[in-house]
Amino acid sequence: MNYDLIERENAVLIKNMLDFDPKHIFECGQCFRWHLEEDNSYTAIAYGKVINVKKDGCDIIFSNTDMKDFRNIWYRYFDLDRDYGEIKRELSKDPILKEAISFGQGMRILNQEPFETTISFIISANNQIPRIKKAVELISNDLGDYAGTWNGKDYFGFPVPEKLANLDANYIKDKYRVGFRAERIKEVSRLVANKEFDLNCIYNLSREEGKNLLTTLPGVGPKVSDCILLFAFDKSDAFPVDVWVKRVMEYFYLKEETNVKHIGMHGARIFGKLAGFAQQYLFYYARELNLGKEKKQVIGNR
DNA sequence: GTCCAGGCTTTCC
DNA sequence: GGAAAGCCTGGA
């Protein structure tokens with residue numbers, strides 16, 4: 001992809017950027033560390049660096065960085081090599097997705113760090129986004145390395161597996177407010193720290209192979225494994241089925257209540273290699289519509 | 001083998 | 001007080 005990149009003091013700017021809206025990217029549920037500032041910019045830490053992202057008209061401003069880090073880290077992190085215009089054109093052949101995309105046209109799928117993503121989505125099980133964010137921040141602030149300060153807030157990286165593996169599960173539960181997920185966090189951290197489980201090898205596996213491997217971890221089932229594969233390992237055919245995607249698929253496609261396994265197979269069948277992108281547009285759409293229980297009841301009458 | 005109810009921590013709405 | 005980006009266990 002060709003971009004009009006401009007280097008400023010402690011910042012990089014992309015002129016006339018299409019398919020990039022911070023709100024759509026950071027509030028579609030794929031990440032838990034992006035902090036909304038008063039000026040509607042977002043700040044986060046990834047790969048040991050603090051960065052602030054702001055949409056300024058048609059331009060995107062990446063602050064607290066330089067061209068070197070932009071090329072080495074952020075270009076891949078923000079998935080800038082992918083043509084989202086082409087993906088949207090293809091998915092828009094489906095009228096339901098065309099509508100969903102109109103709500104979240106600036107969404108992109110991030111390439112996040114494997115261990116942090118794995119633990120974050122283990123925490124996400126039967127949980128709420130504000131609580132997930134709080135737990136990830138508590139863990140990082142307690143165990144992670146200081147990476148910088150932006151707008152008066154200190155940012156700490158997500159810790160290496162050894163740090164979590166060495167803690168008592170009760171300490172993890174009480175200190176980070178993760179409840180029954182504490183044992184799972186400790187055990188997965190231990191397996192990764194001891195090299196009994198190699199996360200990095202998943203980069204070279206298919207979605208199916210990666211899923212078979214990830215679901216051997218405690219706390220990682222079908223949904224969480226698909227999230228890890230999609231948000232950390234670039235498996236864009238992964239189709240995580242959470243309650244929101246379940247509702248939106250039942251309401252618009254299947255026209256009946258069914259189980260998540262059935263919905264997962266249906267999603268893979270109709271969206272194929274683009275299932276992951278479709279899932280993100282649909283997830284954002286379902287939440288924006290607040291497609292809750294009251295609408296499920298309409299299904300039988302359609 | 002598959003399917004599904006019940007339990008799990010804590011907080012947010 | 002019910003529900004929440006689910007997973008695990010055990011019984012049918």
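Naming convention: chains lettered A, B, ... in sequence-line order (proteins, then strands); numbering from 1 in each chain.
Atom CD1 of A:I87 and atom CG of A:L97 lie 12.0 Å apart (nearest 0.5 Å).
Here A:R287 reaches the OP1 or OP2 of C:dA5: one of its side-chain N or O atoms lies under 4.0 Å away.
With rounding to whole Å, A:D242 atom CG is found 11 Å from C:dA4 atom C1'. What separates CD1 of A:I185 from P of C:dG6 is a distance of 15 Å, to the nearest Å. Put simply, CD1 on A:I228 is 12 Å from C1' on C:dA5, counting in whole angstrom units. Counting to the nearest Å, the C1' atom of C:dG6 and the CH2 atom of A:W244 are 16 Å from each other. Between A:I119 atom CD1 and C:dA5 atom C1' the separation is 16 Å, expressed in whole Å. For the pair A:L282 CG and C:dA5 C1', the interatomic distance rounds to 14 Å; values are reported in whole Å. Distance A:K246 NZ to C:dA4 C1': 15 Å, rounded to the nearest Å.
A 4.5 Å side-chain heavy-atom check between A:W34 and A:I51 finds at least one atom pair inside the cut-off. In this structure the side chain of A:Q30 reaches within 4.5 angstrom of the side chain of A:Q112, judged on heavy atoms.
C:dG2 and B:dG6: their P atoms are spaced 15 Å apart (whole Å). Comparing B:dT11 with C:dC8, their P atoms are spaced 23 Å from each other, to the whole Å.
Partner A:I101 forms a side chain to side chain contact (heavy atoms under 4.5 Å, CB included) with one of A:Y281, A:F277, A:Y84 and no other, that one being A:Y281.
Under a 4.0 Å N-O distance rule, the pair A:R89/A:E86 qualifies as a salt bridge. Between A:E187 and A:R190, at least one side-chain nitrogen of the basic residue sits less than 4.0 Å from a carboxylate oxygen of the acidic one, meeting the salt-bridge criterion. A salt bridge links A:E137 to A:K153: one of the charged nitrogens lies within less than 4.0 Å of a carboxylate oxygen.
A donor-acceptor contact closer than 3.5 angstrom is absent between the side chains of A:N64 and A:Y155.
Taken together, the paired segments of DNA chain B that extend over three or more consecutive Watson-Crick or G-U pairs, each closer than 3.5 Å at both contacts, are B:2-8 with C:6-12, B:10-13 with C:1-4.
Annotation: A:F158 is in aromatic contact with A:F115 [ring centroid separation under 6.0 Å]. Close placement of the A:F62 and A:F20 rings is indicated, their centers lying within 6.0 Å of each other.
For the pair A:R181 and A:T215, both in contact range of DNA chain C, the more 5′-proximal nearest nucleotide belongs to A:R181.
Among the protein residues, A:L217 comes within range of the sugar-phosphate backbone only, with heavy atoms under 4.0 Å from sugar or phosphate atoms but none that close to a base. Note on A:R131: a base of the nucleic acid sits closer than 4.0 angstrom, heavy atoms only. Residue contacts for A:C31: at a heavy-atom cut-off of 4.0 Å it reaches no nucleic acid atom on any strand shown.
If you check C:dA5, C:dC8, C:dA3 against the side chain of A:P218, the one that comes closest is C:dC8. Side-chain proximity of A:Q128 to the nucleotides C:dC7, C:dA5, C:dA4 is greatest for C:dA4.
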Test log, rule salt bridge (Lys or Arg N to Asp or Glu O under 4.0 Å), inputs A:D234 and A:R82: CA-CA 11 Å; A:D234 195 24; A:R82 199 184 303 275; 2.7 Å; yes
For A:D226 and A:K211: C-alpha separation, side-chain torsions, deciding distance, then whether salt bridge (Lys or Arg N to Asp or Glu O under 4.0 Å) applies. CA-CA 7 Å; A:D226 268 335; A:K211 190 163 185 168; 3.0 Å; yes
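You can see that DNA chain B meets the heavy atoms of chain A within a 4.0 Å-exclusive cut from B:dC3 to B:dC12, reading 5' to 3'.
A heavy-atom distance below 4.0 Å to DNA chain B is reached by none of the residues of residues 96-115 of chain A.
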